[in-house]
**Q** 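Would you mind keeping the following structure in view while I ask a few things?
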Number of protein chains: 4
Amino acid sequence: MGKNRLEAFSDGVLAIILTIMVLEMKVPHGATFAALVPVAPVFLSYILSFVYLGIYWNNHHHMLHLVDKVSGGILWANLHLLFWLSLLPFTTGWMGENHFAPAAMFLYGLNLLCCAIAYVILQNLIIRFQGAQSRLAHAVSADVKGKISPLLYLLGIGSSFVSSWLAGAFYIATACMWLIPDRRVEREVMTRSKD
Amino acid sequence: MGKNRLEAFSDGVLAIILTIMVLEMKVPHGATFAALVPVAPVFLSYILSFVYLGIYWNNHHHMLHLVDKVSGGILWANLHLLFWLSLLPFTTGWMGENHFAPAAMFLYGLNLLCCAIAYVILQNLIIRFQGAQSRLAHAVSADVKGKISPLLYLLGIGSSFVSSWLAGAFYIATACMWLIPDRRVEREVMTRSKD
Amino acid sequence: MGKNRLEAFSDGVLAIILTIMVLEMKVPHGATFAALVPVAPVFLSYILSFVYLGIYWNNHHHMLHLVDKVSGGILWANLHLLFWLSLLPFTTGWMGENHFAPAAMFLYGLNLLCCAIAYVILQNLIIRFQGAQSRLAHAVSADVKGKISPLLYLLGIGSSFVSSWLAGAFYIATACMWLIPDRRVEREVMTRSKD
Amino acid sequence: MGKNRLEAFSDGVLAIILTIMVLEMKVPHGATFAALVPVAPVFLSYILSFVYLGIYWNNHHHMLHLVDKVSGGILWANLHLLFWLSLLPFTTGWMGENHFAPAAMFLYGLNLLCCAIAYVILQNLIIRFQGAQSRLAHAVSADVKGKISPLLYLLGIGSSFVSSWLAGAFYIATACMWLIPDRRVEREVMTRSKD
């Protein structure tokens, strides 16, 4: 089974998640800049989740470059990842509208953690499907970021009832870490295109 | 007429249905975990409908693998299927917001039944269009799941005024049955790719 | 300039218009079938607009089969068509929520008329761009439906303040007329694929 | 890395932004034409933003015609552009619902300015990635419109507290300027396809 329709479908879902998040930023009724103030936390949450979705799209894009065929299990692992990502508009909106209250920081981190776990499951299924000479396995063999991220999310979740700011710092730091492109996978992709 | 644009359009519609369902989960105003409790039934409904849409996308994907050309009638049969699927966000939202009330369980099952009938109509039109040596006809000749599903939906619909839980059990059982991938179609696809 | 991205973008916009229309069907708060009654007119409007969008997607699909290259003017004529189609969720919702009141019937017909005019403009631009041996010009040379439709919309608009039912009958009749596939274009497409 | 998935994803996001903007036009409750009057400013704002999104889609389309490969940096510069474009439904809705109040005109112009800057950043990254013989660099070497636009936005932003109408005139004038297709890039594309 080809990977094209899987890519197209994932792109569609990610594009929609990205865009409907902005619907959580309700247009304020007042006509002054002061009326925008309550929207500010929702806007900040939107930026963070936009960056996270960009990271997932980017990594997904890189990962599928090393994939030729997909199995039924991979299709479902991909849908599982999209499920957790599709909850981001909800948890982002809740976090923004409640001005980063502890419970909302907790839930947002939990959502990020579930996305990360779903991504790892998808990655492992692809590696198992590709077998012994899996190029993806080779590319992610020393995936430090992928191993640190769940820990950082857990630290964020754990600290959310201590300090919302600390939890937020963990989520922002993880995003920043990922913004630096994954050289190893990129190198593997380039090596491959040269073959 | 090629099948590519049909696939792309169906993927687009399915991706949007999947994603806008999450908009029915209204962000609660409170900042405590207790504020999330009323959202729980909507969330559970969302999971079930997400799985159903995943099943339809998966089966649609498999079915179109055995299709080369489409007729005008097939285009409309596909739109007819998308119509019933597009009502899922509404019936899912109604079921969730009313905590699985009998009338809502009835309507949700009716919606699932209409989707199933529309899928069978589409399948039959493709088989008739492909003619005597239809590979799809061969692949679904012993389609037990496709024959049992409408019965299970009818049992769910019938039992919704007896017990909401029983109706829900029928809908969940049908989804679980479909999660097991359709080996016959997959085998046919593989046989074909080897040709 | 190729037509692929134009097709993909139009498919995306049409898929989204089709799907967000269902968001106008607000989930009712009651848990009885009686609570669904106020939704009924919105549902009926949804069916009609769904069929119209299906017709436009189908005809657009057929038309672009006879197109190889597109100009900047064609891109804008296509966006112009998408603009009027994008207003359908609004006019459909207004018609449904006001139980087919005269003003809403008037506006809905006006919207359909604008879509039809925009479609003709797009068709003419493509024919002019293709020049003397335009296959599209040949295919639509005796386009009876395309010529009757604006008249039917005008009759619907004109009769909307006499009788909402009459106006509705005109809009439904036009949709039914289009549901019969355009044999001439289809024949031209087939002739071409045989070349 | 190929550009196809970048194009497909951008098309998806642009199509959704375009379409969800219409959701800001809330269906009025009255059934008379008078009930439509409050929607008029939102409708006018919608037209302007629709045209702007059409311009961006068109220019993006032209620009990527001159691109073969994309880097990680280009992917992020593209997401950065999509971020500012995704805010248009919000700023458009605020402008329309507040009848073009000064603060809303200011914010709308600021949003347009950010989109323009993000577009220039994307363009420059592509040119740097293509290196010395960049066809895109050649095509936009005398990009008068690209240089004037930010100035016109700044004039609009600056005049928004003097006169909303003046600010609006600047934004409309800039859109009109762009509606005239970019002959230079088009010529470059044509030259290239002849190669």
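Here the structure is a predicted model, which is why all the values come from computation and not from measurement. By convention in this document, chain letters (A, B, ...) are assigned in the order of the sequence lines, proteins followed by strands, and residues within each chain are numbered from 1.
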**Q** Checking side-chain polar atoms at under 3.5 Å, does C:H65 have a donor or acceptor matched by the opposite partner on B:R5?
**A**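 There is no such pair between these side chains.
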**Q** What is the minimum heavy-atom distance between B:L87 and C:Y46, and which atoms define it?
**A**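 Smallest interatomic distance, heavy atoms only, reads CD2-CE2, 3.7 Å.
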**Q** Checking C:L18 against chain B: side chain, backbone, both or neither under 4.5 Å from a heavy atom?
**A** side chain
**Q** Which class fits the ring pair C:F33 and B:W94: parallel under 30°, tilted 30 to 60°, perpendicular over 60°?
**A** tilted
**Q** Can you name the closest pair of heavy atoms from C:A31 and B:N98 and give their distance?
**A**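 That would be CB-OD1, 3.5 Å.
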**Q** So, taking the atom named CG in B:L79 and the one named CZ in C:F50, what distance separates them when rounded to the nearest 0.5 Å?
**A** 5.5 Å
**Q** Carefully, step by step, assess B:L107 and C:L36 under the rule side-chain contact (heavy atoms from CB on, under 4.5 Å).
**A** CA-CA 10 Å; B:L107 193 73; C:L36 289 179; 4.0 Å; yes
**Q** State, to 0.1 Å, how close B:F90 and C:V39 come at their nearest heavy-atom pair, and which atoms those are.
**A** CZ-CG1, 3.9 Å
**Q** To the nearest 0.5 Å, how far apart are CG in B:L75 and NE2 in C:H62?
**A** 7.0 Å
**Q** For chain B, which candidate among C:I55, C:V51, C:L14 shows the most heavy-atom pairs at distances under 4.5 Å?
**A**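 Going by pairs under 4.5 Å, I would pick C:I55.
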**Q** Say you draw a straight line from CD1 of B:I17 to OG1 of C:T19; how long is it, rounded to the nearest 0.5 Å?
**A**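 Interatomic distance, B:I17 CD1 to C:T19 OG1, rounded to 0.5 Å: 5.5 Å.
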**Q** For the interface with chain C, which of B:P102, B:A101, B:S86, B:G93 has the highest count of heavy-atom pairs at distances below 4.5 Å?
**A** B:S86
**Q** Could you state the interatomic distance from CG (B:N78) to CH2 (C:W57), rounded to the nearest 0.5 Å?
**A**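 B:N78 atom CG to C:W57 atom CH2 measures 6.5 Å (nearest 0.5 Å).
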**Q** Select one option (side chain, backbone, both, neither) describing which atoms of C:I47 are under 4.5 Å from chain B's heavy atoms.
**A**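 For C:I47, backbone and side chain are both near chain B.
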**Q** Nearest heavy-atom pair of C:A15 and B:G12: which atoms, and what distance?
**A** CB-C, 4.1 Å
**Q** Heavy atoms only, distances under 4.5 angstrom: which of B:L23, B:I16, B:L6, B:D11 has the most pairs with chain C? Name it, please.
**A** B:I16
